[in-house]
Amino acid sequence: MAYKITDACISCGACAAECPVEAISEGDGKYEIDAEKCIDCGTCAETCPVEAPVAD
Ligand code: SF4
Ligand code: SF4
């Protein structure tokens with residue numbers, strides 16, 4: 001299990017700053033989650049202003 005970021009992402013960077021395992025990085029047009037690192041904590045979803053991170 002891992003979270004993933006949908007196209008709703010506005011690239012604000014808030015989730016990347018809050019992720020405890022630094023699994024989130026800026027990608028092409030939106031931020032991306034490294035599924036190998038994600039521990040499924042849900043912090044990114046709670047932090048995001050547009051609800052872009054979703055449980056995959
Ligand atoms: Fe990081 Fe947690 Fe979001 Fe996974 S669910 S990307 S560990 S903040
Ligand atoms: Fe994108 Fe939401 Fe993360 Fe901001 S907090 S970079 S809008 S996923």
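In each ligand, atom 1 is the first atom listed, and ligand 1 is the first ligand listed. Excluded from the calculations below are hydrogen atoms, water molecules and symmetry mates; all remaining heavy atoms, backbone and side chain alike, are included. We count residues from 1, following the sequence as given.
Of all heavy-atom pairs between P20 and I39, the closest is CG-CD1, 4.3 Å. What you find for C44 and I33 is that their closest heavy atoms are SG-CD1, 4.2 Å. Of all the heavy atoms in S11 and G29, the pair that sits closest is OG-O, 3.5 Å.
Enclosure of atom NZ in K30 by more than 12 non-hydrogen atoms of other residues, nucleotides or ligands within 6.0 angstrom is indicated.
Listed by number with element, the atoms of ligand 2 under 4.0 Å from a non-hydrogen atom of A52 are 8 (S). Less than 4.0 angstrom separates some heavy atom of V50 from each of these atoms of ligand 2: 7 (S). The C48 neighbourhood of ligand 2 comprises atoms 2 (Fe), 5 (S), 7 (S), 8 (S), with distances under 4.0 Å to a heavy atom of that residue. If you number the atoms of ligand 2 from 1 as listed, the ones under 4.0 Å from a heavy atom of C9 come out as 1 (Fe), 6 (S), 7 (S), 8 (S). Using a 4.0 Å cut-off to heavy atoms of Y31, the atoms of ligand 2 that qualify are 6 (S). Less than 4.0 angstrom separates some heavy atom of G13 from each of these atoms of ligand 2: 4 (Fe), 6 (S). Residue contact check: I5 has heavy atoms under 4.0 Å from atoms 8 (S) of ligand 2.
Using a 4.5 Å cut-off on side-chain heavy atoms (C-beta onward), I5 and E32 make no contact.
Ligand 1 has at least one atom lying under 4.0 Å from a heavy atom of G42. Contact analysis leaves T47 out of contact with ligand 2, as no non-hydrogen atom separation drops below 4.0 angstrom.
In this structure, CD in E46 is found 7.5 Å from SG in C41, a value given to the nearest 0.5 Å. C9 SG to E51 CD: the interatomic distance, rounded to the nearest 0.5 Å, is 13.5 Å.
Looking at atom 4 (Fe) of ligand 2, its nearest protein heavy atom turns out to be C12 SG, 2.3 Å. Counting only heavy atoms of the protein, atom 7 (S) of ligand 2 lies nearest to I10 N, 3.3 Å.
Protein N/O/S atoms found under 2.8 Å from atom 1 (Fe) of ligand 1: C19 SG.
Side-chain N or O atoms of T6 include one that pairs as donor or acceptor with a backbone N or O of A52 at under 3.5 Å.
Each of I24, T43, D40 was compared with Y3 under the side chain to side chain contact (heavy atoms under 4.5 Å, CB included) criterion, and only D40 meets it.
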